[in-house]
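Remember, predicted model here, so these are calculated numbers, not experimental data. Here is the naming used below: chain letters follow the sequence lines, and residue numbers restart at 1 for every chain.
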Number of protein chains: 2
Amino acid sequence: MLDGLQPIKNLSMSEMVEVSLQQYFREKDFKVGDSLPTEKDLATTLQVSRSVIREALSKFKMLGIVESRKKTGMVISNPDLVGTIGKILHPKILDDATLQDLFELRLVIESGLADLLYVRKTEKAVTELETIARNEKPGKAFAIDNEIAFHGKLYEITGNQTLKRFQLLLLPVFAYAMSMKKKFKPGSVRHMDLVEILKKGTRNDFKEGMFEHLHPHYTRLEK
Amino acid sequence: MLDGLQPIKNLSMSEMVEVSLQQYFREKDFKVGDSLPTEKDLATTLQVSRSVIREALSKFKMLGIVESRKKTGMVISNPDLVGTIGKILHPKILDDATLQDLFELRLVIESGLADLLYVRKTEKAVTELETIARNEKPGKAFAIDNEIAFHGKLYEITGNQTLKRFQLLLLPVFAYAMSMKKKFKPGSVRHMDLVEILKKGTRNDFKEGMFEHLHPHYTRLEK
DNA sequence: TTTTGTCTAATTGTAATACAAATAAAACAA
DNA sequence: TTGTTTTATTTGTATTACAATTAGACAAAA
């Protein structure tokens, strides 16, 4: 009945300046290292006080898009993507739907890792992975330390720094999402099995193995 | 000769306040809806001016972690993860390494989609996908519109909103990364072939099909 | 010539104050 | 119960003043 009704939002000045700056950055095709007008100039041009300008700029500094130094002024910088994501990725403040999505995202990424792994894996790396798998404490079914070590190494082998750092952020979310679900029963394919496949098996063997490894998670997904 | 020397980092007050607040949020176990102390109280407690407090808070507002209303004060809110990522994900300001990583990330996700797809796909959805594939203009090998429509639909079928929105953000990055590389030669498996597999084939058939579809990209990855 | 030191002007950073704007809550009226 | 007015509180904006940093100019020294 109340569908389509939006709360009337009145943007504050600093939010409007934020939008203006976003546009400005794009239209003027700013690149890393380019310097911005001074706060004073921005203030007079946009006809707002310097405090408003500074609050808007603070936001871009939070994203790592803008850096400032005294005397030099402000410059466009390249943001740390994963670092910024890490500032938001806390189970307590994300809604359940997003947490579930992220849970699934991790499954998707783990599955999809295979092809990249087979492009980048080396004998040395696989041996190191084997060592990790062998040293696992056989305690619980889902021991977070073991997971971090083993899967972390997998990501490392792909040589993709962003992916590796991102999965580190995803782990607490994953663990949290799991704690919300029923008891976990491990899959038939364990870490050591995956190592064996990496050593002797094909790309497709590995995909199938990883699917089996993650199978308990998939069975608990809702259709 | 200058190895191991780091620039002395000169944190501003507002950056220090930012860190303090981060800690504070975690330690006090803030949840969505919890309200924060007033700016004035924060200022007197942290012994800085209100402007500094406001600049720090602006940053959290940028991430969507904090919202404020007059008289009511400030509350913790749940951030829009993908929206925030979208504010950073612009080819012009990300470094090349990250762009390459994101390029690979998209490949990984596309590959990993299979299992989730087979959990969630319906006959109706596959028919809709088929329509999309049939309506493609046979123009260029990599027509961005065709890609968006087809792969976007795939993500939609997974029912994962975060993933769907995320891949939309990834597309420009993907296109940009591709423009940096040599001429693109399409893979042997086309969209229509993938549809056929989805209709009749197994999970593994689809994985193999998707790999072939993306094969030209993989061959251009560096070892 | 090259380095080192000093000064100057420009720019961001911080503080403090005043007031505007919104609004929840209370008090009051119908 | 419903509507109206008032009040007090909190965030939002503007302004001013000054502190802190530093690039660049220039001078002095080696």
Side-chain angles (χ1 to χ4, degrees), chain A residues 5-22 24-25 28 30 32-77 79, chain B residues 1-2 5-22 24-25 28 30 32-77 79:
Chain A
L5 286 179
Q6 300 294 325
I8 298 170
K9 71 167 143 199
N10 45 354
L11 286 184
S12 69
M13 292 302 235
S14 69
E15 284 166 328
M16 289 167 60
V17 170
E18 180 201 321
V19 175
S20 291
L21 288 179
Q22 274 279 12
Y24 178 62
F25 292 161
K28 290 290 182 177
F30 274 104
V32 173
D34 292 352
S35 59
L36 302 179
T38 66
E39 295 177 351
K40 192 164 158 292
D41 287 350
L42 286 173
T44 54
T45 304
L46 299 185
Q47 307 203 41
V48 293
S49 74
R50 212 182 127 213
S51 9
V52 167
I53 294 287
R54 281 184 60 81
E55 287 186 11
L57 286 169
S58 298
K59 301 180 178 190
F60 290 103
K61 289 176 187 170
M62 186 64 154
L63 298 185
I65 291 180
V66 166
E67 280 177 355
S68 63
R69 285 168 61 199
K70 285 165 183 165
K71 171 78 180 183
T72 318
M74 291 169 297
V75 296
I76 300 290
S77 56
Chain B
M1 180 166 168
L2 293 169
L5 285 178
Q6 300 292 326
I8 294 170
K9 183 148 339 151
N10 204 358
L11 282 186
S12 68
M13 293 300 241
S14 70
E15 284 166 328
M16 289 166 61
V17 170
E18 180 202 320
V19 174
S20 290
L21 288 178
Q22 274 280 11
Y24 177 63
F25 293 160
K28 290 289 181 179
F30 275 104
V32 174
D34 292 351
S35 59
L36 302 179
T38 65
E39 295 176 351
K40 193 162 156 292
D41 288 350
L42 286 174
T44 55
T45 305
L46 298 185
Q47 309 204 38
V48 293
S49 73
R50 212 183 126 213
S51 5
V52 168
I53 294 287
R54 282 185 58 83
E55 287 185 11
L57 287 168
S58 299
K59 300 180 181 194
F60 289 104
K61 290 177 188 171
M62 186 62 155
L63 298 185
I65 290 180
V66 167
E67 281 176 354
S68 64
R69 285 169 58 201
K70 283 166 184 165
K71 170 81 179 180
T72 319
M74 290 169 298
V75 296
I76 301 288
S77 56

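- Put simply, the side chain of A/Leu63 reaches to within 4.5 Å of the side chain of B/Leu63, judged on heavy atoms.
- Following rounding to the nearest Å, A/Lys59 (NZ) and D/dG12 (C1') show an atom-to-atom distance of 11 Å.
- The CZ-P distance, from B/Arg54 to D/dA14, rounds to 11 Å in whole Å.
- Among residue pairs with one or both ends in residues 32-60 of chain B, those qualifying as ring-ring contact (aromatic ring centres under 6.0 Å, His included) are B/Phe25-B/Phe60; sequence neighbours excluded.
- Sequence order on DNA chain D of the closest nucleotides to B/Asn10 and A/Ser14 puts A/Ser14 first from the 5' end.
- The two residues B/Leu21 and B/Ala56 have their closest heavy-atom pair at CD1-CB, 4.3 Å.
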So which protein nitrogen or oxygen atoms get under 3.5 Å of nucleotides 24-28 of chain C's nitrogens or oxygens?
from, atom 1, to, atom 2, distance (Å)
C/dA24, OP1, B/Arg69, NH2, 2.7

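- Here the side chain of B/Arg50 is nearest to one of C/dA15, D/dG12, D/dA17, namely D/dG12.
- Under the 4.5 Å side-chain criterion, counting only non-hydrogen atoms from C-beta, B/Met74 is in contact with B/Glu39.
- You'll find that the side chain of B/Ser12 is closest to C/dG13, out of D/dA14, D/dG12, C/dG13.
- Residue-to-nucleotide contacts include no donor-acceptor pair under 3.5 Å from the side chain of B/Ser49 to the base of C/dA16.
- Using a 4.5 Å heavy-atom threshold, the side chains of B/Glu55 and A/Lys61 count as separate.
- If you measure from atom CE of A/Met16 to atom P of D/dA14, you get 11 Å, rounded to the nearest angstrom.
- Atom-to-atom distance recorded for A/Ile65:CD1 and A/Gln22:CD is 6.0 Å, nearest 0.5 angstrom.
- At whole-Å resolution of the value, CG in A/Asp41 and P in C/dA10 are 12 Å apart.
- Spacing between atom CG of A/Leu42 and atom C1' of D/dT13 amounts to 17 Å, rounded to whole angstrom units.
- Residue A/Thr38 is in sugar-phosphate contact alone, with no base atom involved, counting any heavy-atom pair closer than 4.0 Å across all strands shown.
- Atom CD of A/Glu18 and atom P of D/dG12 are 13 Å apart (whole Å).
- Side chain of B/Ser58 to backbone of A/Lys59: no donor-acceptor contact under 3.5 angstrom is found.
- Among the protein residues, A/Ser68 comes within range of the sugar-phosphate backbone only, with heavy atoms under 4.0 Å from sugar or phosphate atoms but none that close to a base.
- Look at CD1 on B/Ile53: it is 11 Å from P on D/dT11, rounded to the nearest Å.
- Applying the 4.0 Å criterion to OP1 and OP2 of C/dG13, one finds that A/Lys40 has every side-chain N and O outside that range.
- Separating the CG atom of B/Leu57 from the P atom of D/dT11 is a distance of 9 Å, rounded to the nearest angstrom.
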